[in-house]
Number of protein chains: 2
Amino acid sequence: MNQAQRLDATFAALADPTRRAILARLATGEASVGELAGPFAMSQPAISKHLVVLERAGLISAGREGQRRPRRLEAGRLAEAARWLEQYREFWEARFQSLDVLLAEMQAPGLSARARGKKRK
Amino acid sequence: MNQAQRLDATFAALADPTRRAILARLATGEASVGELAGPFAMSQPAISKHLVVLERAGLISAGREGQRRPRRLEAGRLAEAARWLEQYREFWEARFQSLDVLLAEMQAPGLSARARGKKRK
DNA sequence: CAGTTGTATAACCATTTGATTATGCATTGA
DNA sequence: TCAATGCATAATCAAATGGTTATACAACTG
C-alpha cells in the first residue's frame, strides 16, 4: 500500500462519527468489542464492520485475551494524516496578512501574496 | 452544520486522491476548472463533481471571472481537521517510551504509561 | 458436556459515490 | 449575431458503504 492509498483509507475511516468516537474511546485505553459497542444505538455486527474499516486503515489493532479481541489505538496513520495536513499550515496561519507581506505586496503588485508567501522562509 | 458534520465532510473529501491533488494544485494559486482538469485522465464533469464535494466541505470556494469560475483554497476546514488530529499527537510521539516515563512506570505498575502520560505536561 | 458469552461472518438491502455521455447555458470573440 | 469556449447539470450505471438480521464459532462456565 503506497502513501496515497494509506491516506485514502485513513481519511475514509475518519469520515464517520461512529469510527471517530471509537478512536476517542480507544485513546483512553484498550477496549473489547462489547465495550466499544455499548454507547451506540447500533448492532454489534455494525460495530464489528466499523472495526474492520479502522483495522484495514491501520488505525487500530486487535489483541487476543481469551474470547475477547481487545482493540487498541495505532497512532502511526494518524501521524501520517497530520503530517499531510501540515503541508497546508501556512495557508491557515494567515501570516500572509502580516505587515511585512503587505509591504512586499505593495512593492511587487504583480505577484500574489500567496505565491511569495510560499517562497519565504 | 455542527463540528461532527464538518469533520465528516472534510475527511470524506480528503479520502480521494484526485481531490487531494486538486487541493495541492490550488495551494500554488487559483485555478480554473479546465486548468484543474488538465492533469487528470478524467472527464470535465467528473472534475466538476469533485469540486462540488470540495466546496460543500468548505475546502475551496469559487470566484467569477468572466466565464471562468476560478477555485481557491479555503484552509479553515483543513485547520479544523488538523486540530482534531492533534488530539492524538501524544499517541504517536512515543514519549511514553522515554526514560522518565519508564521509571515512573516501574514505580507505579498499576497505571498505564498512557494514562499518566495524559496528565503530564 | 451443555449452555452462555463474545465476536465474526454471511446474506441482504438502501443509499451514496464516482465515473460516464449528453446537453444546456453564459460569456467571449469573430 | 453566431460560433466557440468554459463550465454546470441531468440521466445513467456499477461499485462501495453502512446498516440490518440470522447464523456460525470459539472460549469460558456450570
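Here the structure is a predicted model, which means the values were calculated and not measured. No hydrogens, no waters, no symmetry mates; every other heavy atom, side chains included, goes into these values.
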Atom pair distance, as rounded to whole Å: CZ in B/R20 and P in C/dG18: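 Going from B/R20 (CZ) to C/dG18 (P), I get 12 Å.
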Expressed in angstrom and rounded to an integer, what is the separation of B/I47 atom CD1 from C/dG18 atom P? 12 Å
For B/S48, all residues meeting side-chain hydrogen bond (donor to acceptor under 3.5 Å, both in side chains), sequence neighbours excluded: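 For B/S48, the residues satisfying side-chain hydrogen bond (donor to acceptor under 3.5 Å, both in side chains) (neighbours in sequence not counted) are B/Q44.
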Can A/L78 and A/L14 be said to form a side-chain contact (heavy atoms from CB on, under 4.5 Å), step by step? CA-CA 9 Å; A/L78 290 176; A/L14 296 180; 4.1 Å; yes
Going 5' to 3' through nucleotides 5-16 of chain C, assign each nucleotide B (protein heavy atom under 4.0 Å from a base atom), S (under 4.0 Å only from sugar-phosphate atoms) or - (no protein heavy atom that close). BSBBB-------
If you apply the rule side-chain contact (heavy atoms from CB on, under 4.5 Å), what do you find for A/L51 with A/I60, and how did you get there? CA-CA 8 Å; A/L51 294 175; A/I60 66 174; 3.8 Å; yes
Which residue lies toward the 5' end of DNA chain D, A/A12 or A/E65, if each is placed at its nearest nucleotide? A/A12
Contacts of A/M42 and A/G66 projected onto DNA chain D by closest heavy atom; the upstream (5') one is A/M42
When the ring planes of A/F11 and B/F11 are compared, do they come out parallel, tilted or perpendicular, using 30° and 60° as the limits?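 Geometry flag for B/F11 against A/F11: parallel rings.
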Under 4.0 Å between a Lys/Arg side-chain N and an Asp/Glu carboxylate O for A/E86 and A/R89? yes
Closer than 4.0 angstrom, basic N to acidic O: yes or no for A/R6 and A/E80? yes
Is it true that a side-chain atom of A/E93 and a backbone atom of A/E90 form a donor plus acceptor pair closer than 3.5 Å?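 The answer is no, because no donor-acceptor pair under 3.5 Å joins these two groups.
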Indicate yes or no for a side-chain donor-acceptor contact from B/R69 to the backbone of B/R64 under 3.5 Å, with no hydrogens or angles considered.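 It does not hold such a pair.
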With a 4.0 angstrom cut-off to heavy atoms of chain B, pull out the first and last contacting nucleotide of DNA chain D, in 5'-to-3' order. D/dT5 to D/dT9
